[in-house]
Student: 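Have a look at this one before I ask anything.
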Protein chains: 2
Amino acid sequence: MAHITVSVEYAIHCLLWLAISDDRALSSRDLAEFQGISPTFLAKILPKLEKAGIVGAHEGVRGGYRLARPASQISFLQIVDAIEGEKPLFDCQEVRRRCALYGDCPPKWASGGVCAIHAVMLQAEKAMRASLALQSLGDIAMRFNRIAPAKFFDEIDEWVDERMAIRTGRSGKPEA
Amino acid sequence: MAHITVSVEYAIHCLLWLAISDDRALSSRDLAEFQGISPTFLAKILPKLEKAGIVGAHEGVRGGYRLARPASQISFLQIVDAIEGEKPLFDCQEVRRRCALYGDCPPKWASGGVCAIHAVMLQAEKAMRASLALQSLGDIAMRFNRIAPAKFFDEIDEWVDERMAIRTGRSGKPEA
DNA sequence: ATAACGCGGACTGTATTGATCCCCGTTACG
DNA sequence: CGTAACGGGGATCAATACAGTCCGCGTTAT
Ligand code: FES
Ligand code: FES
């Protein structure tokens with residue numbers, strides 16, 4: 001079966017960090033290094049979330065990304081659509097019209113409307129999308145808050161602070 | 001989003017013809033020419049249905065394929081799985097374990113069980129598969145029987161008879 | 001014996017995906 | 001005002017998967 005690409009996994013995990021460390025704008029490089037994924041590749045993903053209105057981008061030095069809405073108002077479906085576009089799960093090639101019995105002009109009963117087989121696929125896609133629409137980023141963030149120890153959130157803060165200091169405070173020294 | 005490949009469309013349309021023209025074994029070449037699709041490519045698809053126990057193959061001259069079960073006992077899910085294998089909709093790369101905060105050994109609360117994001121995807125896949133499992137080839141065949149004019153079925157029979165005659169009766173003449 | 005079958009492997013071309021690099025406009029900070 | 005950190009977009013590349021072809025083998029009715 002087809003795939004929801006890794007880009008979506010990267011995107012949602014980034015959004016989860018943004019949801020947890022609210023307020024503070026995180027740069028794409030921060031998010032990449034923090035999660036051990038390719039910075040240049042992540043830099044191609046985040047603009048998609050921005051164009052979809054899921055995150056807000058702040059340009060220039062000290063810039064970065066913030067959630068554009070409360071996490072509870074960001075559904076998984078919106079994220080997946082923002083990253084993957086609107087490619088359908090099943091892409092019907094209308095083979096029913098090529099039947100040898102009716103040469104080049106298939107009768108209306110065979111070519112009108114949606115092929116019954118195609119309809120089944122559309123229904124399956126609809127079920128999948130409905131399932132994705134039910135879950136919000138806020139749900140996952142809450143679940144994460146429950147399982148992660150409080151100490152962990154302090155470590156996140158420390159890490160981010162350290163990054164900020166390295167980048168701005170001591171900008172002349174490129175290496176820590 | 002990802003795709004259910006064209007092979008599935010070919011496969012299901014072939015199965016539909018097999019369901020309609022019951023009894024008679026149709027060869028892969030018959031099915032391909034009948035639907036205007038590549039014979040060599042279809043010849044790669046049908047064995048998958050055979051290995052999955054959906055169709056039965058009869059080798060040798062006058063051979064071909066038949067449904068191995070009544071059409072009502074063949075679900076769309078079984079067909080899709082037979083063609084596409086068992087590739088998951090979403091293939092988790094476990095990015096959660098790469099977090100910079102816990103170097104090489106992520107704590108158990110972060111790596112145990114299934115990632116909450118992954119779980120959402122699994123649930124969506126489950127919803128899609130459940131939707132596909134609800135529809136059977138028999139349902140579609142019945143729907144087809146309702147919209148197709150009775151005359152059409154006679155034409156199918158004629159066409160098949162003609163093919164049989166060309167292939168076996170006058171085997172010495174390769175062209176019609 | 002022949003020719004129509006199914007079966008499988010090797011092979012090609014193209015599209016997509018993951019990933020890198022470079023350059024540009026913008027913005028804070030010194 | 002200059003610099004360096006930002007985001008954004010285009011060009012490029014390697015790996016993979018998919019659609020489609022070709023060839024050869026074993027099987028079986030006629
Ligand atoms: S023609 Fe595409 S599914 Fe029937
Ligand atoms: S680690 Fe794969 S979805 Fe979270």
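Letters A, B, ... mirror the listed sequences (proteins, then strands); counts begin at 1.
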Student: Toward the 5' end of DNA chain C, which comes first, Ser7(A) or Gly64(B), by nearest nucleotide?
Tutor: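 Counting from the 5' end, the first nearest nucleotide belongs to Gly64(B).
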Student: Could you give the CZ-to-P distance, from Arg66(B) to dC5(C), as a whole number of Å?
Tutor: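 Rounding to the nearest Å, CZ of Arg66(B) and P of dC5(C) are 13 Å apart.
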Student: Check whether any side-chain N or O of Tyr10(A) sits under 4.0 Å from OP1 or OP2 of dA19(C), and answer yes or no.
Tutor: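 Result: yes.
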Student: Please list, pair by pair, any protein nitrogen or oxygen found under 3.5 Å from a nitrogen or oxygen in nucleotides 22-26 of chain C.
Tutor:
from: dT26(C); atom 1: O4'; to: Glu59(A); atom 2: OE1; distance (Å): 3.2

Student: Nearest to the side chain of Tyr65(B), which nucleotide is it out of dT17(C), dC7(C), dG9(D)?
Tutor: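 Of the options given, the side chain of Tyr65(B) lies nearest dC7(C).
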Student: Please pick, from dG8(D), dC5(C), dG7(D), the nucleotide with the shortest atom-to-atom distance to any side-chain atom of Glu50(A).
Tutor: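 Output: dG8(D).
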Student: Are the side chains of Ile156(A) and Arg24(A) in touch, meaning some heavy atoms are under 4.5 Å apart?
Tutor: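 The answer is no; the side chains never approach within 4.5 Å.
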Student: Please give, in whole Å, the distance from dC18(D) P to Ile83(B) CD1?
Tutor: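 The answer, rounded to whole Å, is 12 Å.
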Student: Using atom CD1 of Ile4(A) as one end and atom C1' of dG18(C) as the other, report the distance to the nearest whole Å.
Tutor: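 Atom-to-atom, Ile4(A) to dG18(C), this comes out as 17 Å.
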Student: Any side-chain heavy atom of Ser21(B) within less than 4.5 Å of one from Val160(B)?
Tutor: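 SC-SC contact between Ser21(B) and Val160(B) ruled out.
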Student: For dT16(C), does OP1 or OP2 lie under 4.0 Å from any side-chain N or O of His3(B)?
Tutor: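 Result: no.
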Student: Closest approach to the side chain of Lys87(B), judged atom by atom: which nucleotide of dG7(D), dC18(D), dT17(C) is it?
Tutor: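 Selected nucleotide (nearest to the side chain): dC18(D).
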Student: Contact between Met121(B) and Phe76(A) at the side-chain level, heavy atoms closer than 4.5 Å - yes or no?
Tutor: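 Yes, at least one pair of side-chain atoms sits under 4.5 Å.
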Student: Could you check whether Trp17(B) and Phe144(B) have their ring centres less than 6.0 Å apart?
Tutor: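 Aromatic pair counts; centres sit under 6.0 Å.
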Student: If I take atom CG from residue Leu132(A) and atom CZ from residue Phe90(B), how far apart are they, to the nearest 0.5 angstrom?
Tutor: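 Output value for this atom pair is 10.5 Å.
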Student: Output yes when a side-chain donor or acceptor of Gln93(A) lies under 3.5 Å from a complementary backbone atom of Glu9(B), and no otherwise.
Tutor: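 Checked: no pair found.
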Student: Pick out the pairs of N or O atoms, protein on one side and nucleotides 21-24 of chain D on the other, that lie under 3.5 Å.
Tutor:
from: dT21(D); atom 1: OP2; to: Ser38(B); atom 2: OG; distance (Å): 2.3
from: dT21(D); atom 1: OP2; to: Thr40(B); atom 2: OG1; distance (Å): 3.1

Student: Looking at the side chain of Thr5(B), which of dA28(C), dG20(D), dA19(D) is the nearest nucleotide?
Tutor: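 The listed nucleotide nearest to Thr5(B)'s side chain is dA19(D).
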Student: May I ask you to decide whether Lys48(B) forms a salt bridge with Glu50(B), counting only side-chain N to carboxylate O separations under 4.0 Å?
Tutor: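 Not counted as a salt bridge, because no side-chain N and carboxylate O are separated by less than 4.0 Å.
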Student: So Phe34(A) and Cys99(B), do their side chains get closer than 4.5 Å, heavy atoms only?
Tutor: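 Yes; the side chains approach each other to less than 4.5 Å.
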Student: Given atom CG of Leu31(B) and atom C1' of dG6(C), what is their separation to the nearest angstrom?
Tutor: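 After rounding, the reported distance stands at 13 Å.
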Student: What is the distance from CG of Leu49(B) to P of dC7(C), rounded to the nearest Å?
Tutor: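 Roughly 10 Å, once rounded to whole Å.
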Student: Rounded to the nearest Å, what distance is computed from the CG atom of residue Leu42(B) to the P atom of nucleotide dA19(D)?
Tutor: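 Distance, rounded to whole Å: 13 Å.
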Student: Please confirm whether the shortest side-chain N or O distance from His58(A) to OP1 or OP2 of dA28(C) is below 4.0 Å.
Tutor: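 Yes.
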Student: Calculate the interatomic distance between Asp91(B) atom CG and dT17(C) atom P; express it in whole Å.
Tutor: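 So the two atoms are 14 Å apart, to the nearest Å.
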Student: How long is the line joining NZ of Lys48(B) and P of dA19(D), in whole Å?
Tutor: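 Answer to the nearest Å: 9 Å.
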Student: Does dT27(D) have its OP1 or OP2 closer than 4.0 Å to a side-chain nitrogen or oxygen of Arg62(B)?
Tutor: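 Result: no.
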Student: Can Leu16(B) be reached from Phe41(B) by stepping across I, L, V, M, F, W or Y side chains whose heavy atoms are under 4.5 Å apart?
Tutor: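 Yes; Leu16(B) is reachable from Phe41(B) via cluster members.
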Student: Is a side-chain donor or acceptor of Gln78(B) paired with a backbone partner of Ser75(B) at a separation under 3.5 angstrom?
Tutor: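 Indeed, once roles are kept as given, a pair shorter than 3.5 Å links the two residues.
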